[in-house]
Amino acid sequence: MRKQTPPDNDPLKSPAERALPWSLRDTWIGVGLLALVVAAGSAIRSSGGDSILYQTFGIVALELGLLIPVVVILWWRRVKWIELGFRRFEGRAMTLGCGLILAAYVVVIVNNTVLWIFHIPTQGAELIHRFATLKSPVGLVLAAVIIAP
């Protein structure tokens, strides 16, 4: 009988050097849970609420719901978050990241202001128009989740 080796949890090794702490079966269970979360989010979205606030809350809730399969599989297999690359970070890295995000917002605002001044239509306006004409998000979800990949 062959002796099983425990998963290699050495955080100093690269992901390619470590054994995966989950199986192919766990991956398919996660995909199934992901499909359930997306179906539930689509059902809730199509059940009503046409206000922008309701739609925005629905999008945020669905995005957070996409973490459910990851959390379930990690809890089930007793895997630590470090296995997915989540580690402590330095304060300098957080400051740099927030500064770069703010700088990016300034660039986007300046860009959109220039486009608005010269009456050049933006892609964002077209997307908002397209999303507003959707009767149901099912087609969009199928295109984004299944067809595009």
Side-chain angles (χ1 to χ4, degrees), residues 7 9 11 13-149:
N9 293 328
K13 289 185 177 179
S14 72
E17 295 173 323
R18 286 182 268 162
L20 289 176
W22 55 83
S23 66
L24 183 61
R25 179 176 173 245
D26 296 335
T27 302
W28 282 111
I29 289 171
V31 168
L33 289 172
L34 185 64
L36 287 174
V37 168
V38 170
S42 295
I44 291 169
R45 168 60 188 104
S46 63
S47 69
D50 289 332
S51 74
I52 295 294
L53 181 62
Y54 181 83
Q55 292 173 4
T56 304
F57 175 75
I59 290 170
V60 170
L62 180 61
E63 288 178 357
L64 289 174
L66 296 177
L67 289 174
I68 291 171
V70 174
V71 171
V72 168
I73 296 298
L74 291 179
W75 173 80
W76 182 9
R77 287 299 214 160
R78 311 265 191 283
V79 176
K80 295 179 180 164
W81 284 97
I82 197 168
E83 290 296 318
L84 294 179
F86 292 102
R87 294 178 178 83
R88 290 183 182 217
F89 53 86
E90 298 177 16
R92 287 185 304 183
M94 184 66 146
T95 304
L96 177 63
C98 289
L100 289 173
I101 287 174
L102 289 175
Y105 278 132
V106 169
V107 169
V108 168
I109 289 169
V110 168
N111 177 58
N112 286 343
T113 303
V114 169
L115 293 174
W116 179 74
I117 289 171
F118 291 107
H119 304 289
I120 299 171
T122 62
Q123 189 178 20
E126 178 66 24
L127 285 173
I128 290 171
H129 173 70
R130 299 253 180 196
F131 286 137
T133 60
L134 287 176
K135 300 276 187 224
S136 171
V138 174
L140 179 64
V141 169
L142 285 175
V145 175
I146 296 173
I147 296 170

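- Considering I117, N111, V110, L115 as possible partners of T113, the one that fulfils the side chain to side chain contact (heavy atoms under 4.5 Å, CB included) test is I117.
- Note that the CG atom of L34 and the CD1 atom of I29 stand 13.5 Å from one another [nearest 0.5 Å].
- Heavy-atom neighbours of W116 CH2 from other residues, nucleotides or ligands within 6.0 Å: at or below the threshold of 12.
- Taking CG of L33 as the reference point, atom CG of L66 lies at 11.5 Å (rounded to 0.5 Å).
- Both tests hold for R78 against W75: distance to the six-membered ring centre under 6.0 Å, angle to the ring axis within 45°.
- Summarising the geometry of G30 relative to P69, their closest heavy-atom pair is O-CB, 3.4 Å, with the distance given to 0.1 Å.
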